[in-house]
Colleague: 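Quick one: the structure is below, questions incoming.
Start at 1 and go down the list; that is how both ligands and their atoms are numbered.
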Amino acid sequence: MLEDAYCSGCGSKIQSEDNTKPGYISEELLSNKSKDELVCQRCFRIKNYSETFPYEVSNDEFLEVIKKIKQEDALIVKIVDIFDFSGSFVPAIQTLTEKKDVILVGNKVDLLPKNVKSKKILNWLKIMLKNQGFSVLDSVLLSAKYGDNFDELMRLIYKHKGKRNVYIVGSTNVGKSKIINQILRRYLGAASDIVTESLSPHTTLGLIGFNLIDGSIIYDTPGVINKHQYMHYLSRKSYKLTYPQKEVKPLVFQLNEEQTLFFGGLARLDIISGETCDVINIVTYFSNKLNIHRTKTEKASRLYKEKLYSLLSPPTSSQEELPRWVFHEFRIRDNQKYDIVFSGLGFVTLRAPFHIKAYAPFVVGVYTRMAII
Ligand SMILES: Nc1nc2c(ncn2[C@@H]2O[C@H](COP(=O)(O)OP(=O)(O)OP(=O)(O)O)[C@@H](O)[C@H]2O)c(=O)[nH]1
Ligand SMILES: [Mg+2]
């Protein structure tokens, strides 16, 4: 029976040998279950006790997945985290989906303020994709948490797939499994969540397929590892403080030249002297659990050395080894409103002209865009 049995939560092969590994079900339990309802011990614990089981998908396992998708003429639904575009847009996916039909989904739109204009976000997504040399058939913004826009997603899937199978792909933690659960509940009659979702990376470990109404199969897939997700460098505690769990709320700061804002101990924004003579209004959109601290630029480096992990937190512990910081300088002279985005952490909105320096660990994508609010 174990030969071709897989966990319906994470897609791991079922085994009864090692209870520290995914896919484990004791022999006793196994004898009482049918093949379709097997949920491994790891998934059971994640679902019922929110326990975490860090587990890296080995490259070999991932290559197996790539092979299957590459060999098939399939429709790809590529998910990016709208709050962390740089962290969730992985070049590996480009190889994976080369010459394939792709629908792009910007998920977690509920994390952005409600007054954000969808059209502006979609325009920005299109520019980002064009910069990466990437073309898609259609794009849609979703909230897998609240179920926003799923009718539109399904319309696009049925419009483009023909008789082909559909693969939901994207880097780890972008919400692929949550999207599958929404589709199963809303359109395929599931009474509860089937696949396992969690805040920890690498929850899904194999392909998990479900029949759509016309017989095509829609697959949840394991997340691609992306070193640009800063979560890989933080403890779970710090990550939970940093990555917003709900809509980010604006905070307004009035800054003069030679002043600095720290976003926890994870990023920093300096107003450079000499460009502007007026006060600059800065609106910040970060997790409300992240301490934002204002100081004079001349004191910033010392403050960082002395107060990292306390006043400037997260990170919360010296055990967390953050990658080295780099700075990005922006000097804009028109009078339009811009966002400075610290991908996955948050963004600030300010009106040009300005001359600023934005600091963050090198893995964090930092860029400007036309303000989305
Ligand atoms: N706020 C918000 N959180 C979401 C949304 N979709 C997913 N999440 C959360 O993001 C985390 C990751 O979700 P998963 O569905 O497990 O992500 P995944 O892409 O399947 O991750 P892997 O299986 O590791 O590749 C969970 O904590 C989800 O609750 C969304 O639309 N909004
Ligand atoms: Mg998953």
Colleague: I'd like to know if the side chain of Thr203 pairs up with that of Ser198 as donor and acceptor (distance under 3.5 Å, no hydrogens or angles considered).
Modeller: yes
Colleague: Among all the protein's non-hydrogen atoms, which is closest to atom 21 (O) of ligand 1, and how far away is it?
Modeller: Asn173 N, 2.9 Å
Colleague: Closest by any non-hydrogen atom to atom 24 (O) of ligand 1: pick that one out of Leu142, Ile79, Thr172, Asn181.
Modeller: Thr172
Colleague: List the closest protein heavy-atom neighbour of atom 13 (O) of ligand 1: residue, atom name, distance to the nearest 0.1 Å.
Modeller: Gly175 CA, 3.7 Å
Colleague: Main chain of Asn149, side chain of Glu152: is a donor-acceptor contact present, judged purely on distance under 3.5 Å?
Modeller: no
Colleague: Can you list, by chain and residue number, the protein N, O or S atoms under 2.8 Å from the Mg ion (ligand 2)?
Modeller: Ser177 OG, Thr204 OG1
Colleague: So, 4.0 Å and heavy atoms of Gly170: is ligand 1 close enough to count as a contact?
Modeller: no
Colleague: Can you find an N or O of Ser198 that's nearer than 3.5 Å to an N or O of ligand 1?
Modeller: yes
Colleague: Going by heavy atoms in the side chains, are Ser287 and Tyr243 under 4.5 Å from each other?
Modeller: no
Colleague: Decide whether Ser16 and Glu27 meet the rule of one side-chain donor and one side-chain acceptor closer than 3.5 Å.
Modeller: no
Colleague: For ligand 1, which is the ligand I care about here, please tell me if Asp220 has any N or O atom under 3.5 Å from one of the ligand's N or O atoms.
Modeller: no
Colleague: So, applying side-chain contact (heavy atoms from CB on, under 4.5 Å) with Leu269, which one of Ile292, Val348, Thr260 is it?
Modeller: Val348
Colleague: Can you pull out the closest protein heavy atom to atom 1 (N) of ligand 1? Residue, atom name and distance to 0.1 Å, please.
Modeller: Asp110 OD2, 2.8 Å
Colleague: Identify, for atom 15 (O) of ligand 1, the protein heavy atom at the shortest distance, and state residue, atom and that distance.
Modeller: Lys178 N, 2.9 Å
Colleague: Could you tell me the residue and atom name of the protein heavy atom closest to atom 6 (N) of ligand 1, and the distance to it rounded to 0.1 Å?
Modeller: Asn107 ND2, 3.2 Å
Colleague: For the NZ atom on Lys100, are there more than 12 heavy atoms of other groups (residues, nucleotides or ligands in this structure) within a distance under 6.0 Å?
Modeller: yes
Colleague: Kindly identify the option in Lys176, Glu247, His202 whose heavy atom sits closest to atom 18 (P) of ligand 1.
Modeller: Lys176
Colleague: Of Lys108, Gln245, Lys246, Lys145, which has the heavy atom at the shortest distance from atom 9 (C) of ligand 1?
Modeller: Lys108
Colleague: Aromatic rings Tyr219 and Tyr167: how do their planes relate, parallel, tilted or perpendicular, breaks at 30° and 60°?
Modeller: parallel
Colleague: Could you give the distance from CZ (Arg42) to NZ (Lys47), rounded to the nearest 0.5 Å?
Modeller: 11.5 Å
Colleague: Using a strict threshold of under 4.0 Å (side-chain N to carboxylate O), is an ion pair present between Asp339 and Arg369?
Modeller: yes
Colleague: Show your reasoning for whether side chain to side chain donor-acceptor pair (under 3.5 Å) applies to Thr204 and Lys176.
Modeller: CA-CA 9 Å; Thr204 310; Lys176 300 177 296 300; over 6 Å; no
Colleague: Could you tell me if Lys108 sits above the aromatic ring of Phe83, with its cationic atom closer than 6.0 Å to the ring centre and no more than 45 degrees from the axis?
Modeller: no
Colleague: Using a strict 4.0 Å cut-off to heavy atoms of Pro201, name the atoms of ligand 1 that fall inside it.
Modeller: 24 (O)
